[in-house]
Each structure stands twice: as C-alpha cells, then as structure tokens.
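In the text below, chain A, chain B and the rest are named by the order of the sequence lines, each starting its count at 1. Computed from a predicted model, the values in this text were never measured in an experiment.
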2 protein chains.
Amino acid sequence: MLDERSLPLRERKRLRTRRTLAETALRLFTDHGFEATTLERLVEEAEVSKSTFFRAFPAKEAVAVEAETEVWTAYTAALDRGRPEGVVLDVLRDALTEVAVALDPDWDRRYVATRRLILTAPALLAYVDHYRTGVERQVVACLAGKLGLDDGDLRLQVLAELTTTAWSVAARDWVRNEADGGRERLVRRLRDAFRAVPASLDLRAPGTG
Amino acid sequence: MLDERSLPLRERKRLRTRRTLAETALRLFTDHGFEATTLERLVEEAEVSKSTFFRAFPAKEAVAVEAETEVWTAYTAALDRGRPEGVVLDVLRDALTEVAVALDPDWDRRYVATRRLILTAPALLAYVDHYRTGVERQVVACLAGKLGLDDGDLRLQVLAELTTTAWSVAARDWVRNEADGGRERLVRRLRDAFRAVPASLDLRAPGTG
DNA sequence: GAAAATTCTGGCACTCGGTCTCGTTTGGTG
DNA sequence: CACCAAACGAGACCGAGTGCCAGAATTTTC
C-alpha cells in the first residue's frame, strides 16, 4: 500500500511508531481488555511518551480500530479520485469492493482482532458508530460536489448509509466465521449484501389473520 | 406526556431535578458553550451534587440532548407496543409520525436549542451519532422478534436506518427554519422524506457525454 | 561537512469527566 | 412512631486528554 523506502527518514519513523503503537495496542487490549489497559501502560510498552501517542492518534479508541479506518480512508480516497458514472449505488459498491481486495495482506488478521475487540468495549462501539457516520457525511459531500446536488439531499445520505451498512453486515458474517475463505469470501458477502438492499423496501409483515 | 400528579413524591422529585438539570444545562451550554461549561458549574447552578447528576444522566452529553432522546424513547416504546402489519417501512414511518405529533408542547423550543448546540460541539455530535445507531439496533431487535427474522437481517437494518435518516433530514430542515409552521410542518417534511426514499436506489450520475 | 533553522520528542503539571465509597437524609410503610 | 429502603452530598480517586517547554533529532543552508 505505502512504499516504505521512498519516504524521508522522519516520515518513516513516524510510520514505524504508528505501527508499533497499533500492534502493541491490539495485543494489550485483546489480552487484558480495552478499558483495563491504561494509556500509560500502552505507551510504556511501546516505548514512546504519551505526547507522542496523541500526536499519532486523536484518542485511545482510535489506535484500537486502525484496521477499520484503513478501509474507509481508502474508500473515500477512491471516491474523491473517481468520476461517478451510471447508477450511484453501483459506483459506491464497486469502489468499496475494489478497496476490499486491495487491502494489505496483513489486514485480515488485524481486522478480525479489531472487530472482536469492539464487541467487548462500549467505548469502541461508540467510536466506530460515530466514525462511520463521519465517513457517510464525507461521501455525501463528495458526491454532492461531483453530481451537482445539495449537501442535504436525502438520496445521497441514504446511498452513503446503504454502503456502510452493506459492509457492516458482510464483515460481521465474515468475521464471525474467522475470516475463512479469505478476502474472496468477504467480497462475495459484500456483493450479496448489496443485492439484498432493494428488497428491504418491500419487506412486509407476514399476513396477520 | 407524563402525569405529574399521580406519581409518588420521590419520583416527582427525581423528575423535577431531571428537568431542572436539563433546563439549566441547555441555558448554560447555549450561553457559554458546551465544552466551556464544566459539570461542576452546572450542578452548582442546579443546586445538586455531582453524584445526583450521574444518577440522572449517564454523561455530560446526555443532559444536553434530552429533547432528542425523548423522540426515540417514545418511538421504540411505540414499536414495542404495536403489532406490525403490512409494509414494514410504512409501519416505522407511521410510528415515528405519531410520536412527532404527540410530543410535549414545550418540546419544539428545546429541540431547536439542542440541534443548534450539537452543531457547535463535536462531542455532542458523536454522542447523538452513537445514540442513533443504538436506536436502530433496538428497532432491528424488536422487529426481528415480532417478524420472526434474524437479528442480522440486512433488510431490517436498512429499514431502521431509513427511518432515522428520514427524521434527521426532515428535522434539519425544520430546525433551520426556526421550526416555523410548528409541528405540522415537521410532519409534512417527514412525510416528504419518506416518500423520497425509494428514488435513492435509482439515482444516476448525469450522462457524462 | 558544520552550523542554523525546523520539527519532533519526552516530561510534567494541570483540567475535567466519570466512578466509588460511605455517612446522612428523606420518603414510603405498618 | 419506628423501621427500611432508596436517594443524596461530600470527597477521594482514576485516567484520558491538553499545554508548555527544554532538549534531541532531522533537514536545510552555506
């Protein structure tokens, strides 16, 4: 994803401490719990100061969900680059799918660990909920710009949400099965989820007498 | 909404401090900003202890968005009570609409103040984002039970989100116009929003020559 | 390649939200 | 009136997050 060797020394170091922190955090949080692990303990283990931590991450929660943010960072970046054509929902689906297949090979392991962690810590759940909404806002703004629509257009908001929801459902299933079948399985699940969306509108309560 | 006089004295007192806190909070936060107002200052002004505050509200953010939570508490309660029939999206729309018209007359003022406040405080935005997601989860669980569907059914999640989104768009517009036209205007906006939902799926990028 | 200018880091004090404990008060009950 | 349960106030305590500054490391300049 990121070419390590071509960067200036300072940037390389920044990236290294970032990774060390994320790696250490995932281990500590998994072993002893998110809340039970203090920041002090984490930065001590990673051999950096608290100041450095907050220069790399905006909050304790953020370092725990790196794998999640990687997905959405790539996703919004792809949308920013691309020029939407045809059915917008398809554009979003394709962008997200391409991101999924292009992720770092090590991402699978980290993502699974992250999702499991989230299930155990309410603060993390709150963080990702809000993060996800932020992504949707970003997508809406991006599309509104490119399509010449209003920022408050309900259709854009709906489409942005459908996409994150499809991911969320697909990923939940994928993680539950220990990410068996690898990235291909995730992509298949994602496709299925998008396919199932239109049926939602027509869902009816089964005939009540 | 709540019959004050029929409650035991202790409950009445609890409710009174709750209201005092919410009222005081809305005033202080509006006048001096959410972050700039410390909890200490708030409880001092409301003449209760910090302990009492946290017995009434789970967090500083919660007291600022009372008006928002009232809506969704009533909404989920209505769904829990009712028995869904016909098109599920219509069921949700009707439930939410009925809640909107039934809210306390004083609610309008508080809601407008709350929404304005949220625009100024990132922490509040995060809080309501997460809160909203929680409501959706609750709705999904409720419907899954009543309809005999799986908790992870994508369709339910989509429907739950469409509903909160419709509200969110309608309310945004309503608040922007100072809640002019009163509750009827909000209800109209809500109806329009729900009507616009299906068109989302077919949204296309304008033909690129 | 040394010196100057920038940028990053560590350490520390500080604020503030939130939890916990415990002794006291207050409303419900027979 | 007496008893019990529940709510309250006070204060100690924890830990996340911020601001400040002196010093180290990196980059740039000559």
**OP:** Compare the minimum distances between each of dT18(D), dG10(C), dG18(C) and the side chain of F54(A), then state the nucleotide with the smallest one.
**Re:** dT18(D)
**OP:** Return the orientation label for the Y131(A) and Y127(A) ring planes: parallel under 30°, perpendicular over 60°, tilted otherwise.
**Re:** parallel
Original post:
Once you round it to whole Å, what is the distance between P of dG11(D) and CD of E40(B)?
Top reply: 11 Å
Original post:
To the side chain of A59(B), which of dG9(D), dG10(C), dG18(C) is closest?
Top reply: dG18(C)
Subject >> Polar side chain donor-acceptor pair, T114(A) to E66(A), under 3.5 angstrom >> reply: no
**OP:** On the 0 to 90° scale, with breaks at 30° and 60°, tag the W174(A)-W107(A) ring pair as parallel, tilted or perpendicular.
**Re:** parallel
**OP:** Describe the nucleic acid contact of E35(B) in one word from base, sugar-phosphate, nothing, applying a heavy-atom distance below 4.0 Å.
**Re:** nothing
**OP:** Round to a whole Å and report the spacing from CG of L21(B) to P of dC8(D).
**Re:** 10 Å
Original post:
Contact class for K50(A) vs. all strands (heavy atom < 4.0 Å): base, sugar-phosphate, or nothing?
Top reply: base
Subject >> Whole-Å distance separating the CZ atom of R14(B) from the C1' atom of dA7(D) >> reply: 8 Å
Subject >> Which residue lies more 5' along DNA chain D, comparing R10(B) with F53(B) via nearest heavy atoms >> reply: R10(B)
**OP:** Can you tell me the distance, in whole Å, between the CZ atom of R12(B) and the P atom of dT26(C)?
**Re:** 17 Å
Subject >> Closest nucleotide among dC8(D), dG18(C), dC16(C) to the T38(B) side chain >> reply: dC16(C)
**OP:** Assign S51(B) to base, sugar-phosphate, or nothing according to its heavy-atom contacts below 4.0 angstrom with the strands shown.
**Re:** base
Original post:
So with a 6.0 Å cut-off around CZ of R14(B), is the heavy-atom count from everything else above 12?
Top reply: no
Subject >> Separation of atom CZ in F57(B) from atom P in dC8(D), rounded to whole Å >> reply: 12 Å
**OP:** Remember a base hit wins even if backbone is also touched, and classify P8(B) as base, sugar-phosphate or nothing at under 4.0 Å, heavy atoms.
**Re:** sugar-phosphate
**OP:** In whole angstrom, give the distance that lies between atom CZ of R16(B) and atom C1' of dC8(D).
**Re:** 14 Å
**OP:** Check every atom of dG10(C), dG9(D), dT26(D) against the side chain of K13(A) and return the nucleotide holding the closest atom.
**Re:** dT26(D)
**OP:** Starting from P on dG18(C), measure out to NZ on K60(A) and report it in whole angstrom.
**Re:** 15 Å
Original post:
Expressed in angstrom and rounded to an integer, what is the separation of E44(B) atom CD from dG11(D) atom P?
Top reply: 14 Å
**OP:** Check every atom of dT9(C), dA7(D), dG15(D) against the side chain of R55(A) and return the nucleotide holding the closest atom.
**Re:** dT9(C)
Original post:
Counting any heavy atom closer than 4.0 Å, what does T17(A) reach on the DNA or RNA strands: base, sugar-phosphate only, or nothing?
Top reply: nothing
Original post:
Does a side-chain heavy-atom distance below 4.5 Å link L147(A) with V88(A)?
Top reply: yes
